[in-house]
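Scope of the values below: all heavy atoms of this structure, side chains included, with no hydrogens, waters or symmetry mates. Quick caveat, the model's predicted, so the values are computed rather than measured.
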Amino acid sequence: ERTGALGSSQFLNNWGGPFSAGSPLSIQRDATVSHTGAASVRVNLGTIAAGGSGFFQTFSSEPSPQSYRQTRDLSRYESFETYVRNDTGAPLNLKYELKDYRDNLSHQAYRTFTVPAGPGWTKLSASLNLQSPGWTVVGTPDLARTYASSFIVSPQAGSVSGSIYLDDF
């Protein structure tokens, strides 16, 4: 987590583009909770009903028509890692999804992690080799031209409400 030109109330997203709240109520920098550093990203999920889900994502550039999109080359990296804290009071499934410049569900890769409830931090990490165990691949996503990195949150049972935190992404 870094601040600077954006000021102490915002976070610097080195991925490139903005976070999109998708269905949660809000995404913001939270200086009261962190795994390391001075702050984390708090995602206020609102309430997710049993059997439902919510999502938020970050883009490599401003959302725009396909011909103007800037992408990031994730094929140069070996792995993905972040820490998640779940303050909803119930265990969650968190699906990490990558989409390329086409930004559609016909060309994506994803894997699902379990995040227990509680004040501790859960490390989520995975190889970015999409042929490795745990990944589901649809179509032919091009990690050399990754456009969107998404998080889909769903309760393991019943409904949930509250916030989750991401740090060291």
Side-chain angles (χ1 to χ4, degrees), residues 11-28 40-86 88 90-116 122-161 163-169:
F11 55 90
L12 177 60
N13 175 4
N14 287 323
W15 176 252
F19 271 99
S20 168
S23 54
L25 295 178
S26 65
I27 297 178
Q28 63 188 51
S40 64
V41 176
R42 180 170 62 96
V43 181
N44 180 349
L45 299 172
T47 298
I48 300 175
S53 65
F55 78 96
F56 59 99
Q57 58 195 146
T58 184
F59 297 93
S60 61
S61 64
E62 291 292 327
S64 60
Q66 185 173 323
S67 61
Y68 294 113
R69 290 182 183 153
Q70 296 179 27
T71 60
R72 297 292 181 260
D73 184 356
L74 293 188
S75 67
R76 299 174 17 193
Y77 296 90
E78 294 180 7
S79 63
F80 146 81
E81 180 177 293
T82 191
Y83 289 82
V84 178
R85 176 176 153 168
N86 173 5
T88 66
L92 299 171
N93 292 321
L94 188 137
K95 182 167 82 169
Y96 178 58
E97 176 188 78
L98 297 170
K99 291 190 279 184
D100 65 16
Y101 65 97
R102 294 167 281 201
D103 192 23
N104 67 51
L105 298 177
S106 297
H107 298 282
Q108 64 170 320
Y110 61 86
R111 66 180 298 142
T112 302
F113 299 92
T114 298
V115 182
T122 301
K123 180 180 178 179
L124 307 182
S125 64
S127 166
L128 285 175
N129 174 353
L130 301 183
Q131 304 310 309
S132 64
W135 284 101
T136 298
V137 179
V138 178
T140 56
D142 184 357
L143 287 188
R145 298 177 68 191
T146 305
Y147 177 63
S149 179
S150 306
F151 298 89
I152 296 93
V153 181
S154 58
Q156 289 186 356
S159 63
V160 297
S161 60
S163 295
I164 63 171
Y165 300 83
L166 277 77
D167 205 353
D168 302 327
F169 179 66

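The shortest distance between side-chain heavy atoms of Phe56 and Leu166 falls below 4.5 Å. For the pair Thr146 and Tyr77, the minimum side-chain heavy-atom distance is 4.5 Å or more.
For Thr122, there are no side chain to side chain donor-acceptor pair (under 3.5 Å) partners two or more places apart in sequence or in a different chain. In this structure, the ring-ring contact (aromatic ring centres under 6.0 Å, His included) partners of Tyr83, at least two apart in sequence or on a different chain, are His35. By the side chain to side chain donor-acceptor pair (under 3.5 Å) test, Asp73 pairs with Ser75, sequence neighbours left out. Applying the side chain to side chain donor-acceptor pair (under 3.5 Å) rule to Arg145 yields no partners; only residues at least two apart in sequence or on another chain are considered. Partners of Ser125 according to the side chain to side chain contact (heavy atoms under 4.5 Å, CB included) rule, which considers only residues two or more places apart in sequence or in another chain, are Glu81, Lys123.
In this structure, the side chain of Thr82 engages the main chain of Asp167 through a donor-acceptor pair within 3.5 Å.
The heavy-atom pair separating Thr114 from Gln156 by the smallest distance is CG2-NE2, 3.0 Å. Minimum interatomic distance between Leu74 and Leu128 (heavy atoms only, all atoms of both residues): O-CD1, 4.0 Å. The minimum heavy-atom distance between Pro116 and Asn86, with the atom names listed, is O-CB, 3.3 Å.
None of Ile48, Thr47, Val160 except one satisfies the side chain to side chain contact (heavy atoms under 4.5 Å, CB included) rule with Thr88; the exception is Val160. The side chain to side chain contact (heavy atoms under 4.5 Å, CB included) test with Ser53 is passed by exactly one of Val153, Ile152, Leu45, Leu92: Ile152.
Relative ring orientation between Phe113 and Phe80 is described as tilted, the plane-to-plane angle lying within the 30° to 60° band.
Leu124 contributes atom CG, which lies 11.5 Å from atom CG of Asp168 (distance to the nearest 0.5 angstrom). The distance from the CG atom of Leu130 to the CD atom of Gln108 is 11.0 Å, given to the nearest 0.5 Å.
Taking the six-membered ring where the residue is Trp, the centroids of Tyr96 and Phe151 are separated by under 6.0 Å.
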I'd like a table of donor-acceptor pairs (distance under 3.5 Å, sequence neighbours excluded) in which one partner is a side-chain atom from residues 132-143, with atom names and distances.
unit_1: Ser132; atom_1: OG; unit_2: Asn129; atom_2: O; d: 2.6
unit_1: Trp135; atom_1: NE1; unit_2: Ser127; atom_2: O; d: 2.7
unit_1: Thr140; atom_1: OG1; unit_2: His107; atom_2: ND1; d: 3.4
unit_1: Asp142; atom_1: OD1; unit_2: Ala144; atom_2: N; d: 3.0

